[in-house]
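This report concerns only the one structure given below.
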Amino acid sequence: VEISFTSSNSAPSHMVAVWGNLPNATGRTSYRLLPVHSIFFASQCANLAPFPPSNPSEHLRPGMKYTVPVVPLGIPSPETFFHIQCYLYTGNCVALFRAFFPSVSLAGAQSFTRTANLGATIRALAKTISGTYTLETLVTRTMNIKGVWANACALGIHDHELLNILDVAWEVALNAL
């Protein structure tokens, strides 16, 4: 696919055509094209086949067009792929937690670790969240957490911090429900 390079950042090496590999109600498959840098996925996703060669020029300037390969990527939860993509690029657990529960303040939280105070933190966050969101929204957010976890498993992401924050978010969500 031909794309236009629009910034001074590193140009994407590929486009992924993200689609749901589980059956849906309509029987139709829809794809979402997203730009990626193959190095982030190759280095962190053990279950992905190698990406085809791509050669974005080092001499690209904003406004230039170039061609990149499109890689089909079937995952269990395509609607939550963006969260995995952001995490792979940033490694920011707090940002991932905030993606699940954006209106919850995490003042002073640098990371979530398995400590003696974690249970109390989970209960306090769950209490706040249960008073913030409707039941329908809580169920949707809980399913988003499950979707990110399913995608991480399908992609073969073995990142302790990612799995830890997903565990914490899941516990918070279930306690809030």
Side-chain angles (χ1 to χ4, degrees), residues 1-22 24 29-104 106 109-114 140-173:
V1 73
E2 187 176 273
I3 61 176
S4 179
F5 183 58
T6 59
S7 76
S8 60
N9 296 330
S10 176
S13 63
H14 294 77
M15 294 289 277
V16 290
V18 178
W19 58 281
N21 62 3
L22 300 176
N24 64 22
T29 302
S30 61
Y31 296 86
R32 198 168 162 205
L33 290 174
L34 298 164
V36 298
H37 297 85
S38 63
I39 190 72
F40 285 100
F41 289 87
S43 66
Q44 298 180 73
C45 301
N47 295 346
L48 280 183
F51 280 56
S54 176
N55 199 10
S57 173
E58 296 172 6
H59 308 289
L60 287 174
R61 291 182 311 276
M64 290 180 73
K65 292 183 179 183
Y66 67 106
T67 302
V68 295
V70 176
V71 178
L73 182 59
I75 54 176
S77 180
E79 62 276 5
T80 63
F81 177 75
F82 178 74
H83 299 308
I84 286 283
Q85 184 179 18
C86 287
Y87 180 81
L88 291 178
Y89 277 81
T90 67
N92 189 330
C93 290
V94 173
L96 181 58
F97 187 88
R98 283 190 176 131
F100 298 132
F101 305 110
S103 61
V104 174
L106 297 173
Q110 298 304 313
S111 67
F112 294 97
T113 57
R114 295 280 174 202
T140 299
R141 300 214 180 263
T142 303
M143 295 310 297
N144 285 343
I145 296 164
K146 181 202 172 271
V148 171
W149 171 81
N151 288 344
C153 291
L155 294 170
I157 300 172
H158 302 287
D159 181 296
H160 176 73
E161 290 297 319
L162 172 64
L163 297 176
N164 187 43
I165 197 63
L166 290 173
D167 282 345
V168 170
W170 182 255
E171 290 296 322
V172 168

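Because the structure is predicted, anything quoted here is derived from the model rather than measured. Residue numbers start at 1 and run along the sequence shown.
Looking at residues two or more places apart in sequence or on another chain, you find a side-chain contact (heavy atoms from CB on, under 4.5 Å) between W149 and C153, L166. Partners of S103 according to the side-chain contact (heavy atoms from CB on, under 4.5 Å) rule, which considers only residues two or more places apart in sequence or in another chain, are T132, Y133. Legend: residues meeting side-chain contact (heavy atoms from CB on, under 4.5 Å) with A154, ordered by chain and number and at least two apart, are P76. Residues passing the side-chain contact (heavy atoms from CB on, under 4.5 Å) test with P50, sequence neighbours excluded: none. For Y89, the side-chain hydrogen bond (donor to acceptor under 3.5 Å, both in side chains) partners are H37, not counting sequence neighbours. For S43, the side-chain hydrogen bond (donor to acceptor under 3.5 Å, both in side chains) test picks out no residue, with sequence neighbours left out.
Taking the side chain as every heavy atom from C-beta outward, R141 and P102 approach each other to under 4.5 Å. A 4.5 Å side-chain heavy-atom check between T142 and W170 finds at least one atom pair inside the cut-off. Residues T90 and L96 form no side-chain contact, since every pair of their non-hydrogen atoms from C-beta on lies 4.5 Å or further apart. Between F100 and V172 there is no side-chain heavy-atom pair separated by less than 4.5 Å. By the 4.5 Å heavy-atom criterion applied to side chains, C45 and L88 are counted as neighbours. Inter-residue side-chain proximity for F51 and V16 is flagged as met; some heavy-atom pair is nearer than 4.5 Å. Counting only heavy atoms from C-beta outward, the side chains of I145 and F101 approach each other to under 4.5 Å.
For F40, the CZ atom sits in a packed shell: over 12 heavy atoms of surrounding residues, nucleotides or ligands are nearer than 6.0 Å.
Exactly one of P72, S30, P78 qualifies for a side chain to side chain contact (heavy atoms under 4.5 Å, CB included) with V18. That residue is P78.
H14 NE2 to L33 CG: the interatomic distance, rounded to the nearest 0.5 Å, is 13.5 Å. A distance of 6.0 Å separates CD1 of I157 from CG of L162, quoted to the nearest 0.5 Å. Considering CZ of R32 and CZ of F81, their distance stands at 9.5 Å, rounded to 0.5 Å.
Under the 3.5 Å distance criterion, the side-chain polar atoms of S13 are matched with a main-chain donor or acceptor of S38.
Sorted by first then second residue, the side chain to side chain donor-acceptor pair (under 3.5 Å) pairs that include residues 79-88, not counting sequence neighbours, are S77-E79, S77-T80, T80-N151, Y87-D159.
Residue V68 comes nearest to P12 through the heavy atom pair CG1-O, 3.7 Å, listed as atom of the first residue, atom of the second, then distance. Between F97 and A169, the shortest heavy-atom distance links the atoms CE1-CA, 3.8 Å.
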